[in-house]
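Just so we're on the same page: letters track the sequence lines, and every chain starts at 1.
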Number of protein chains: 2
Amino acid sequence: MEFKRISSQKISEKVEEQIVKLIKEGSYKEGDKLPSVRELCDSLDVGRSAVRDALTTLKGRGLVETRQGEGTFVTGFNPKRYFQHMLMPHQKELESLFQVREILETSIVKLAAVNRKEQDLIAMRKTLNHMSECQYDDSGYHDCQFHMAIAKASGNSILQELLESISSTMAKSMADFHSLIASKPELIHDIHHQHELIMDMIVCEDASGANEAMLLHLSYVKKHMRKGFSIRSEFIETI
Amino acid sequence: MEFKRISSQKISEKVEEQIVKLIKEGSYKEGDKLPSVRELCDSLDVGRSAVRDALTTLKGRGLVETRQGEGTFVTGFNPKRYFQHMLMPHQKELESLFQVREILETSIVKLAAVNRKEQDLIAMRKTLNHMSECQYDDSGYHDCQFHMAIAKASGNSILQELLESISSTMAKSMADFHSLIASKPELIHDIHHQHELIMDMIVCEDASGANEAMLLHLSYVKKHMRKGFSIRSEFIETI
DNA sequence: CGTTTCAACTTGTCTGATATGTGACTTCTG
DNA sequence: CAGAAGTCACATATCAGACAAGTTGAAACG
């Protein structure tokens, strides 16, 4: 006979559940103001701490947003928080993360080649132009923008949001990679060329071609990123 | 003269930042116990509410976990929370989600075919045996277990965790699909056969074969899931 | 030595007081 | 009358004290 672990559910968790349920059911939609803490206390017949705890947790989960003096409001779908607590990933995690990125981006680019609308192409072209015009310092930003534009063109919003999460997580660790790029014009040139190739394939609606171009691009980036990492590792070891 | 916007940063946010910083820097690692609330109050010279607020937010973000009577602990990478506020996906979102699942699983199975260890094969075999032995009611559970076993064999923990998140999100909406399965023995038979094929390919280390087998399997599932959905939709419309 | 009891420490909850931010209404002033 | 300034109600933010409830480990006991 097995026993299920009995966990006395805390009051704040019950409150949390009720609020989530209300949001789920649509009683409170994005942007709506929830009842004030006092009101919730009265209607739920619990102390302020419990309500506050529940709301604070929900704030942490990104479901609601509190504004002092105004109230508590339901926020929209905010996927940037998905990977937010993956702080400063180590090299192994970074490799795993990059592998996920490869998987997502190579699939995304195939979808984008099929589903891309005119305005998607315009948006992508714009980011490419920005990249060639701007200073090297901002290349990392525009690089990211290009990839996000592709994701948007894929037509799958979840994919887009997932990639965004991963990119922002990697961005912290990619910082030194981008500074490496900025210092080597030939890298920028290569990457620029690869982007153009990907762009062309998407324009031609050539899914497998786009896939291949993306694979090449990411392999290139990974190779140079590893190089940058090993340099940093050596540097750390010699301290 | 320009004025900088003075945004009175809340005390709890400052506390939160400090704690996050400490975790980032590695002063507190996964599983470590943070100082008690009282201690943090004393060392930070703020009230308990502020500390509690910070910790509760962190709890919501999934960075820490509090256990009454024990303390507050730094949690590991917990991606189950990623999709947690994706509440009750509608059909369109469900399609997007399934697409993501296809992308992930077809890639996972390729990795698994290459990286699988002996014990991974044993674990997979075990879930398959369970599935054929057990009652139809539990088929959904064991089906999920099989897919997770493959993900584990891929060797990429982030992929594994992502798939877990997606599966749990879809599970709610898949409930009626599984009951549909349970009512049709021929579906179970087909699925079982497909699983065996995938298993074989992984055993043979045939990555592309495994990929193809998974693709077939998921297409099959998707087809019947859509059928289930349209039935439900019609049912709803006739109410 | 094994068991029970208990004290110390933890988070969870309630409560009241005070601080601070926001918005709407009123009042003052030109 | 119109705009600026003051006022007030109400919201969250913070503090502090008390007690509830869960966990742990050591002391006391058989």
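Remark: P of dT14(D) and CG of L55(B) are 13 Å apart, rounded to the nearest angstrom. Between E65(A) atom CD and dT22(C) atom C1' there is a gap of 15 Å when expressed in whole angstrom units. Following rounding to the nearest Å, E70(A) (CD) and dT12(D) (C1') show an atom-to-atom distance of 10 Å. If you take CZ of F73(A) and P of dG21(C), they are 17 Å apart, rounded to a whole angstrom. A straight line from NZ of K33(A) to C1' of dG23(C) spans 12 Å, rounded to a whole angstrom.
One end of the helix from dC1(C)-dG30(D) to dG30(C)-dC1(D) points its axis 10° away from the other end's axis, with each axis taken from 5 pairs and the angle rounded to 10°.
Nearer the 5' end of DNA chain C, as judged by each residue's closest nucleotide, is the contact made by T72(B), out of T72(B) and G69(A).
The line from CG of D32(B) to CD of E30(B) is 9.0 Å long, rounded to the nearest 0.5 Å.
Put simply, the side chain of N129(B) never gets that close to the backbone of K126(B): no donor and acceptor are under 3.5 Å apart. K33(B) contributes no side-chain N or O that, together with a main-chain N or O of G31(B), makes up a donor-acceptor pair within less than 3.5 Å. No donor-acceptor distance shorter than 3.5 angstrom exists from the side chain of K29(A) to the backbone of S27(A), with no hydrogens or angles considered. Side-chain atoms of T75(B) come within 3.5 Å of backbone atoms of G62(B) as a donor-acceptor pair (strictly under, hydrogens ignored). Between the D42(B) side chain and the E39(B) main chain, no donor and acceptor come within less than 3.5 Å of each other.
For R125(A), the salt bridge (Lys or Arg N to Asp or Glu O under 4.0 Å) partners are E196(A), not counting sequence neighbours.
Just one of V15(B), T72(B), L63(B) meets the side chain to side chain contact (heavy atoms under 4.5 Å, CB included) condition when paired with L55(B); it is T72(B).
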Study note, to complete from the structure: Nucleotide by nucleotide, nucleotides 12-17 of chain C touches protein heavy atoms under 4.0 Å in the pattern (B base, S sugar-phosphate only, - none) BBBBBB

